[in-house]
S.K.: 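Handing you this structure, nothing more for now.
Naming: A, B, ... by sequence-line order, numbering from 1 per chain.
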Number of protein chains: 2
Amino acid sequence: MDRTLADEAPGTTPEAQPEAGAGKQARRSATMRRRLCEAALDVLCEVGYESLTTPMIAARAGVSRGAQTHHFATKTDMLVGAFEHLLHGWDEARHAAFGGRNLGEVPFEDYLRFVWREIFSKPSYVAALELMLAARVDKELGDRLRRALDSPASQRNLRWRQLLRFPDVQKEEQFQYMTLCLLRGMAIHASFNRSDDVNEAVLDAWIELAEKIIAVERPESGVVAAAKERRRKPAG
Amino acid sequence: MDRTLADEAPGTTPEAQPEAGAGKQARRSATMRRRLCEAALDVLCEVGYESLTTPMIAARAGVSRGAQTHHFATKTDMLVGAFEHLLHGWDEARHAAFGGRNLGEVPFEDYLRFVWREIFSKPSYVAALELMLAARVDKELGDRLRRALDSPASQRNLRWRQLLRFPDVQKEEQFQYMTLCLLRGMAIHASFNRSDDVNEAVLDAWIELAEKIIAVERPESGVVAAAKERRRKPAG
DNA sequence: AACAAAAAACAGACTGGACTGTTTGTAAAA
DNA sequence: TTTTACAAACAGTCCAGTCTGTTTTTTGTT
């Protein structure tokens with residue numbers, strides 16, 4: 001995951017361009033931005049928000065400082081870019097796992113395990129948390145992160161609407177929020193205590209609890225039993 | 001909360017010493033350390049971990065850089081000191097609220113609301129989270145923070161043992177851990193989204209859920225009913 | 001009890017390094 | 001030829017850790 005996405009690596013001979021002509025600049029620019037965002041995320045994961053520097057990002061991306069500052073004028077620009085890139089990656093992971101499937105057909109358990117495995121348990125999520133905590137004292141960063149999260153958050157609401165289908169939307173959002181908080185806390189714990197062993201059990205416990213709640217909030221027949229049956233064959 | 005704790009403020013005339021003689025140095029030192037830790041926490045809350053500097057701390061404490069480096073040779077020393085100070089503050093808050101009372105007599109609801117109000121919802125908790133996240137990439141800081149948390153964590157286990165009294169200790173620890181994760185996630189949400197409004201409702205919901213779990217795990221008669229009764233008169 | 005020597009508390013300057021944002025310069029594309 | 005992409009150096013700032021110097025306690029000795 002280093003050079004694979006650099007279809008326009010610096011130093012490439014002019015002849016090697018697969019498709020020249022109009023839009024070349026735009027493509028080059030987009031590629032470079034992506035590379036920088038990815039590098040920024042890598043650096044953020046490796047050294048943390050506190051010691052992250054823009055020169056590090058340029059070096060990690062294998063480009064000059066000039067290129068970096070050209071695409072992201074300030075450090076905040078760079079961080080917001082990295083954050084958006086991360087959000088985009090989550091979308092892709094979700095698409096890879098569930099495609100266009102209606103989440104109403106997806107068992108809660110499967111979806112929860114997916115978000116834990118592919119999002120919250122990753123180091124990049126902890127990196128995102130670092131940004132969010134840093135946003136507490138950096139108003140500009142905070143505003144921009146919140147803006148970046150604006151649309152994804154409302155889309156998430158829609159997905160959970162599909163997933164849970166509580167008649168009481170307020171209870172549904174509360175349940176969603178509780179789950180989010182729990183996963184966040186688990187992510188921190190896994191990061192700080194360097195052991196993920198308890199989390200699987202907690203995930204199980206929450207699923208069990210959640211299915212009871214779902215059964216109460218969404219009085220359709222046999223939800224719990226069906227879910228318990230499905231537990232034997234996790235979705236691929 | 002600035003000069004009140006400085007019984008030995010720099011510049012005090014030598015005659016004003018309330019108690020001279022043996023142990024004076026030790027007291028002076030302890031006071032200075034406390035002042036520095038408090039200043040470090042203040043700074044951490046105000047500017048965040050990333051922009052916190054040791055000169056800031058010295059300035060905030062109203063002492064020279066020399067004094068600061070004398071008591072805390074490295075930045076990590078200072079941060080660990082601040083962290084321990086925070087933990088100590090939590091102990092004091094708990095003692096102020098419950099004294100030496102056996103937590104078996106305290107309703108879960110009261111205790112949960114207490115830890116949320118006095119610990120997790122405070123800015124200083126978010127500051128602590130910043131340290132814990134920074135510890136991910138700073139091995140020394142991490143090791144020392146974990147060591148500092150060692151004894152407090154096991155004491156917490158004992159308290160929750162008293163509080164919950166589940167026959168199944170494993171389930172109890174899982175429940176404790178789940179609650180901790182939830183509160184952590186809520187703290188982050190309150191910090192990032194700058195709105196605490198949902199959290200009260202979530203706290204209510206968790207309490208309701210928790211009391212059901214408690215009733216199941218600890219089959220004593222009338223626990224839920226008693227707890228529901230007590231909800232009208234919160235403990236002072 | 002007095003006093004000298006050692007140790008601790010504190011003050012402030014210095015050093016070496018590194019970072020952010022800017023600016024000037026060059027090559028490629030529009 | 002005008003704009004965009006990239007390169008590299010510069011300027012100003014500031015920090016962590018160290019070191020030297022001063023004052024205040026403590027300790028050991030008589």
S.K.: Let me know the distance between CG of B:L52 and C1' of D:dC15, rounded to the nearest Å.
M.R.: 12 Å

S.K.: Measure from CZ on B:F72 to P on D:dC15 and round the result to the nearest Å.
M.R.: 19 Å

S.K.: From C:dT20, C:dC10, C:dA13, pick the nucleotide closest to the side chain of B:R65?
M.R.: C:dA13

S.K.: Which nucleotide sits closest to the side chain of B:R28: C:dA9, D:dC6, C:dT22?
M.R.: C:dA9

S.K.: Looking only at atom types and distance, does a side-chain atom of A:E130 sit under 3.5 Å from a main-chain N or O of A:Y49, one as donor and one as acceptor?
M.R.: yes

S.K.: In whole Å, I'd like the distance from the NE2 atom of B:H70 to the P atom of C:dA9.
M.R.: 4 Å

S.K.: Could you tell me the separation between the CD1 atom of B:I57 and the P atom of D:dG17, rounded to a whole number of Å?
M.R.: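 Between P of D:dG17 and CD1 of B:I57: 11 Å.
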
S.K.: In whole angstrom, what separates B:Q68's CD from C:dA13's P?
M.R.: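 Going from CD in B:Q68 over to P in C:dA13 covers 16 Å.
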
S.K.: Between A:R136 and B:C45, is there a side-chain heavy-atom distance shorter than 4.5 Å?
M.R.: yes

S.K.: Measure from CE on A:M78 to P on C:dC19 and round the result to the nearest Å.
M.R.: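 Whole-Å distance recorded here is 16 Å.
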
S.K.: Specify the separation, in whole Å, of atom CD of B:Q25 and atom C1' of D:dT27.
M.R.: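 After rounding, the gap between these two atoms is 12 Å.
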
S.K.: Over how many whole Å does the gap from A:R27 atom CZ to C:dA29 atom P extend?
M.R.: 10 Å

S.K.: Under 4.0 Å between a side-chain N/O of A:H71 and OP1 or OP2 of D:dA5, yes or no?
M.R.: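 Indeed not, no polar side-chain atom of A:H71 lies that close.
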
S.K.: Given C:dA11, D:dA5, C:dA9, identify the nucleotide with an atom nearest to the side chain of A:S29.
M.R.: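 Out of C:dA11, D:dA5, C:dA9, the nucleotide with an atom closest to A:S29's side chain is D:dA5.
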
S.K.: Classify the ring geometry of B:Y111 against B:F98: parallel below 30°, tilted from 30° to 60°, perpendicular beyond 60°.
M.R.: tilted

S.K.: Nearest of C:dA9, D:dA16, D:dA5 to any side-chain atom of B:T53?
M.R.: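 That would be D:dA16.
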
S.K.: Taking the six-membered ring of A:F192, is the NZ or CZ of B:R146 close enough (under 6.0 Å from the centre) and on axis enough (within 45°)?
M.R.: yes

S.K.: For the residue pair A:H189 and B:Y177, does the interplanar ring angle fall in the parallel (under 30°), tilted (30 to 60°) or perpendicular (over 60°) class?
M.R.: perpendicular

S.K.: Between A:T69 and B:T69, name the one whose nearest nucleotide on DNA chain D is closer to the 5' end.
M.R.: A:T69

S.K.: Please pick, from C:dT20, C:dC10, D:dT18, the nucleotide with the shortest atom-to-atom distance to any side-chain atom of B:S64.
M.R.: C:dC10

S.K.: Is the phosphate of C:dG21 approached by A:T74 (side-chain N or O, under 4.0 Å from OP1 or OP2)?
M.R.: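 The answer is no; no side-chain N or O of A:T74 sits under 4.0 Å from OP1 or OP2.
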
